[in-house]
Amino acid sequence: MCGWISCGGIRIFVVGWARCFCGPYRGGALPVEPESDREGTGGACLRVPGRVVCQWSLMESTVVYIRNMVCDRCVMVVRDLLREMGMEPSDVRLGEAVLARPLSAAERVSLDEALRRLGFALIDGRRERLAERIRTLIIELVHRENGDLRVNLSDYLSDRLRHDYDYLSGIFSAVEGTTVEKYFIAQKIERVKELLAYDELSLGEIAGMLNYSSPAHLSAQFKRVTGLSPSAFRRSGRSERLPLDKV
């Protein structure tokens, strides 16, 4: 029989893949030993002597997954909302919030309604969570970690999410209605628009920053997506850009 244990004030469901172990855990800090993250949403298993503590139940009960969190301001807004609703967030990051206690069904409904008024939404399905995690990683890669753009996108996502890229790509396309590659390009174009609007870098510098093979490659892709060349976009003084959650 499986059961709940308490560790550091957090309730964790104890299970075993081969057999189950019961009884309270009386050891020290639980060491994390990464295992295969079968759904790619950040899960892992905690191994302690004589038992396996699966974090999936912990995540289900204390973590809420939130769509359209794309920037630091989103994190601040969601954190403030959770505090106002008395939901005691211990950590809020892009795409998720860790709460000190599980939410009731009524609280989840109220939270989802409040989030939707602010342009966010709760995510319940594991496939949807994985697709949102891919979106978040791409946004972070393009808009916050330019140096990492020199890595191969498929390798980057596979390494971060511990899944074969073909599997990730299939999930993303099914949930989002577009391919990972097209979404990645769309985010890069929005980043190019931003840098062109700042008018501080040359086209060659922007191409190097975003890992285009050449300024000509960047120009061709930019015109294909926007209908304008980068130079025409810059001369026009147009600064309209899509919100990152609308790309």
Side-chain angles (χ1 to χ4, degrees), residues 3-14 29-30 32 37 39-44 46 53-145 160-161 171-172 175-177 183 186-187 190-191 193-194 197 239-247:
W4 291 92
I5 64 172
S6 295
C7 180
I10 299 176
R11 299 176 70 236
I12 304 174
F13 194 71
V14 180
L30 294 173
V32 175
D37 180 2
E39 293 297 335
T41 54
L46 304 178
V53 180
C54 181
Q55 280 187 310
W56 280 115
S57 294
L58 167 64
M59 294 173 69
E60 292 289 351
S61 61
T62 63
V63 179
V64 290
Y65 299 89
I66 303 170
R67 186 175 179 84
N68 294 337
M69 292 181 66
V70 297
C71 62
D72 291 338
R73 184 176 179 279
C74 297
V75 171
M76 179 183 68
V77 169
V78 170
R79 181 186 292 115
D80 289 346
L81 174 65
L82 292 170
R83 286 173 175 166
E84 289 172 8
M85 298 183 72
M87 293 179 180
E88 307 170 36
S90 59
D91 186 30
V92 181
R93 64 195 75 169
L94 294 183
E96 63 185 55
V98 182
L99 306 180
R101 61 178 177 80
L103 298 180
S104 67
E107 286 177 318
R108 287 187 67 86
V109 171
S110 296
L111 176 58
D112 187 50
E113 291 174 349
L115 287 169
R116 288 178 184 275
R117 286 194 291 271
L118 297 173
F120 308 109
L122 286 181
I123 307 171
D124 289 320
R126 287 183 175 177
R127 286 161 57 91
E128 288 73 19
R129 292 179 194 171
L130 181 52
E132 184 68 11
R133 183 70 176 129
I134 293 170
R135 276 169 36 101
T136 299
L137 286 173
I138 289 175
I139 288 171
E140 289 180 331
L141 181 64
V142 173
H143 297 273
R144 307 177 78 179
E145 302 175 13
R160 295 293 296 270
L161 298 174
I171 291 290
F172 188 86
V175 172
E176 300 293 336
Y183 184 76
Q187 287 293 347
E190 290 306 310
R191 179 64 169 149
K193 288 181 184 178
E194 179 183 13
S239 59
E240 64 268 20
R241 303 195 305 272
L242 292 173
L244 298 184
D245 61 315
K246 303 299 182 185
V247 174

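Numbering of residues begins at 1 and proceeds along the displayed sequence. Just so you know, these numbers come straight off a predicted model, no measurement behind them. As a basis for the values below, the full set of heavy atoms in this structure was taken, side chains included, without hydrogen atoms, waters or symmetry mates.
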- Message: One thing to verify: whether R108 and D124 come together as a salt bridge, which I'm taking to mean a side-chain N less than 4.0 angstrom from a carboxylate O.
- Response: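 Salt bridge present between D124 and R108.
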
- Item | Salt-bridge contact R116-E113 (side-chain N to carboxylate O under 4.0 Å) | no

Can you find a pair of side-chain heavy atoms, one from [X] and one from [Y], that are under 4.5 Å apart?
X: V64; Y: E96; answer: no
X: I138; Y: I134; answer: yes
X: L99; Y: V63; answer: no

- Query: Among R135, R129, E128, which one satisfies side chain to side chain contact (heavy atoms under 4.5 Å, CB included) with V175?
  - Reply: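 Of R135, R129, E128, side chain to side chain contact (heavy atoms under 4.5 Å, CB included) with V175 is met by E128 alone.
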
- Query: If every non-hydrogen atom of A131 is compared with every non-hydrogen atom of I171, which pair is closest and at what distance?
  - Reply: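 Where A131 meets I171 most closely, the heavy atoms are N-CG2, 4.4 Å.
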
- Any idea which heavy atoms bring I66 and I123 closest together, and the distance?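 That would be C-CD1, 3.8 Å.
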
- Item | Sequence neighbours excluded, every pair satisfying side-chain hydrogen bond (donor to acceptor under 3.5 Å, both in side chains) that has a member inside residues 77-91 | D91-R93

- By side chain to side chain contact (heavy atoms under 4.5 Å, CB included) - contacts of V77 (at least two apart):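 Side chain to side chain contact (heavy atoms under 4.5 Å, CB included) list for V77, sorted by chain: R73, L118, F120.
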
- Message: Could you work out, with side chain to side chain contact (heavy atoms under 4.5 Å, CB included) as the rule, every residue matching E107, not counting sequence neighbours?
- Response: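 E107 satisfies side chain to side chain contact (heavy atoms under 4.5 Å, CB included) with M87, R101, L103, S104 only.
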
- Should L122 and R67 be marked as a side-chain contact (heavy atoms from CB on, under 4.5 Å) after you check the CA-CA gap, both sets of side-chain angles, and the distance that decides it? CA-CA 6 Å; L122 286 181; R67 186 175 179 84; over 6 Å; no

In Å, rounded to the nearest 0.5 Å, how long is the span from [atom1] of [X] to [atom2] of [Y]?
X: I139; Y: C71; atom1: CD1; atom2: SG; value: 9.0 Å
X: L141; Y: R160; atom1: CG; atom2: CZ; value: 9.0 Å
X: L81; Y: L111; atom1: CG; atom2: CG; value: 6.0 Å

- Message: Strictly distance-based, threshold 3.5 Å: is any side-chain N or O of D112 a donor or acceptor partner for the main-chain N or O of A121?
- Response: no

- Apply side-chain contact (heavy atoms from CB on, under 4.5 Å) to L94 and V75, showing your working. CA-CA 6 Å; L94 294 183; V75 171; 3.8 Å; yes

- Verdict with reasoning, E132 to R126, per salt bridge (Lys or Arg N to Asp or Glu O under 4.0 Å): CA-CA 10 Å; E132 184 68 11; R126 287 183 175 177; over 6 Å; no

